[in-house]
Amino acid sequence: MLRRYEKNRRRNLLAEPGVHKFIMVLDSLKAGFNVPKIFRSAEAFGAHEIHLINIGPFDPAPAKGAFRQVPAKFFSGFEESYQDLSARGYTLYAFTPNISQPLQEEIFPEKSAFVFGHEEIGLSFDPTDYPAIQRLHIPQFGRVESLNVSIAASVAMYEYVRQGITK
C-alpha cells in the first residue's frame, strides 16, 4: 500500500485542476477509506484541488485513479492551508453540526473552499478563531447522528456544481 501511495503521490504532481474553482480541505481525516473516496468524487465533480491537512499515507486504490488526477497540496496544520486559500481569494466554509446555515441556503462564490474535519473529533481548530469561515450543515431528517464524511463532501460538491449549472 505504501509503495502504491508513493507512486501515486509522485504522479499527482502532474495533476491538472478540474473545470471548477472549488477546493476541498480535508482537516485531519482518518487516512483510510474516506480520503480516497473524496478524491474520486472530487475528480467526478471537477474540483480545482484538495488540501490534505495532517493526513498520512493512504491506500489510493478506492480512488480509482483520481488521486493521480486531482491536484493535492499537503499541509501540517490548518493555518497554512487557510493562509494559502485566503491569499488566493477563497471563501471558506466549514461543515459543522451546530450554529450553522443549511447548505442549500448558501449561494457559493466561484472560489469556494469546503472544510471537513475528522469523523469523530471534528475540526482541528476552533472556528471562532477564524471568523471569516462560514459554517454550514447538511440537513438530515433521520435518526443517524451524521453522514459519512465522504458522502457529506460529495453532497457539498454536488451543490456547488448544481448552483453553477443553474445560474
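Atoms considered below: every heavy atom in the structure, side chains included; atoms not considered: hydrogens, waters and symmetry mates.
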Determine whether the aromatic ring centres of Phe22 and Phe45 lie less than 6.0 Å apart. no
Residues Val70 and Phe39: closest non-hydrogen pair is O-CE2, 3.6 Å
Side-chain contact, heavy-atom cut-off 4.5 Å: Leu14 with Arg68? no
Would you name the heavy atoms of Pro60 and Asn8 that are closest together and state the gap between them? CG-ND2, 3.6 Å
Can you find a heavy atom in the side chain of Leu92 that is under 4.5 Å from one in the side chain of Gln134? no
Do the charged groups of Glu6 and Arg9 touch, with an N to O distance under 4.0 Å? no
Consider only side-chain heavy atoms of I, L, V, M, F, W and Y, link residues closer than 4.5 Å, and tell whether Val19 and Tyr158 are in one cluster. no
Do Thr91 and Lys111 have side chains that approach each other closer than 4.5 Å (heavy atoms only, starting at C-beta)? no
Given side chains that start at C-beta, do those of Asp129 and Phe125 come closer than 4.5 Å, heavy atoms only? no
What's the shortest heavy-atom distance between Ala42 and Ile50, and which atoms? CB-CD1, 3.7 Å
Shared ILVMFWY cluster between Ile23 and Phe95, side chains joined below 4.5 angstrom? no
Between the main-chain N or O of Pro109 and the side-chain N or O of Ser112, is there a donor-acceptor pair closer than 3.5 Å? yes
For a quick test of reading the model, state the closest non-hydrogen atom pair linking Val25 to Ser81 and the distance between them. CG1-OG, 3.9 Å
Do the side-chain N and O atoms of Gln69 and Glu43 include a donor-acceptor pair separated by under 3.5 angstrom? no
State, yes or no, whether a side-chain contact exists between Gln140 and Leu147 at a heavy-atom distance under 4.5 Å. yes
Are Arg11 and Lys7 packed together at the side-chain level, in the sense that at least one heavy-atom pair is separated by less than 4.5 angstrom? yes
Determine the minimum heavy-atom distance between Leu136 and Glu106, stating which atoms define it. CD2-CB, 4.0 Å
Would Tyr82 and Leu85 show up in the same hydrophobic cluster when neighbours are defined by side-chain heavy atoms closer than 4.5 Å? yes
Is the CZ atom of Phe74 crowded by more than 12 outside heavy atoms at less than 6.0 Å? yes
Within the 6.0 Å centroid threshold, strictly below: His51 and Phe75: yes
Do Val149 and Glu119 pass the side chain to side chain contact (heavy atoms under 4.5 Å, CB included) test, and can you show the C-alpha distance, the side-chain angles, and the key distance before you say yes or no? CA-CA 6 Å; Val149 69; Glu119 294 90 331; 3.3 Å; yes
Roughly how far, to the nearest 0.5 Å, is the OG1 atom of Thr96 from the CD atom of Gln101? 11.0 Å
When you measure from the side chain of Asn12 to the backbone of Phe67, do you find a donor-acceptor pair of N or O atoms at a distance under 3.5 Å? yes
Side-chain heavy atoms under 4.5 angstrom apart, residues restricted to Ile, Leu, Val, Met, Phe, Trp, Tyr: same cluster for Val35 and Val115? no
Hey, could you give me the CD1/CG distance between Ile138 and Leu103, rounded to the nearest 0.5 Å? 5.5 Å
Compute the centroid of each ring, for Tyr93 and then for Phe108, and state whether the two points are separated by less than 6.0 Å. yes
Indicate the atoms forming the closest heavy-atom contact of Pro36 with Phe58, along with that distance. CD-CD1, 3.9 Å
Rounded distance (nearest 0.5 Å) linking atom OG of Ser28 with atom CZ of Phe78: 10.5 Å
Any heavy-atom pair between the side chains of Pro71 and Glu16 that's under 4.5 Å? no
Stepwise, does the side chain to side chain donor-acceptor pair (under 3.5 Å) test hold for Glu79 with Tyr130? CA-CA 10 Å; Glu79 179 65 24; Tyr130 297 90; 2.5 Å; yes
Can a salt bridge be assigned to the pair Lys73 and Glu80 using a cut-off of 4.0 Å between side-chain N and carboxylate O? no
State whether the number of non-hydrogen atoms from other residues, nucleotides or ligands found under 6.0 Å of Lys21 atom NZ is greater than 12. no
Evaluate the criterion side chain to side chain contact (heavy atoms under 4.5 Å, CB included) for residue pair Asn148 and Asn34; output intermediate values, then yes/no. CA-CA 8 Å; Asn148 172 277; Asn34 289 315; 3.0 Å; yes
Using a 3.5 Å distance criterion without hydrogens, assess whether the side chain of Asn54 forms a donor-acceptor pair with backbone atoms of Ser76. no
Arg135 side chain near Pro127 side chain, heavy-atom distance below 4.5 Å: yes
Evaluate the ring planes of Tyr90 and His48, with Trp represented by its six-membered ring, and classify them as parallel (under 30°), tilted (30 to 60°) or perpendicular (over 60°). tilted
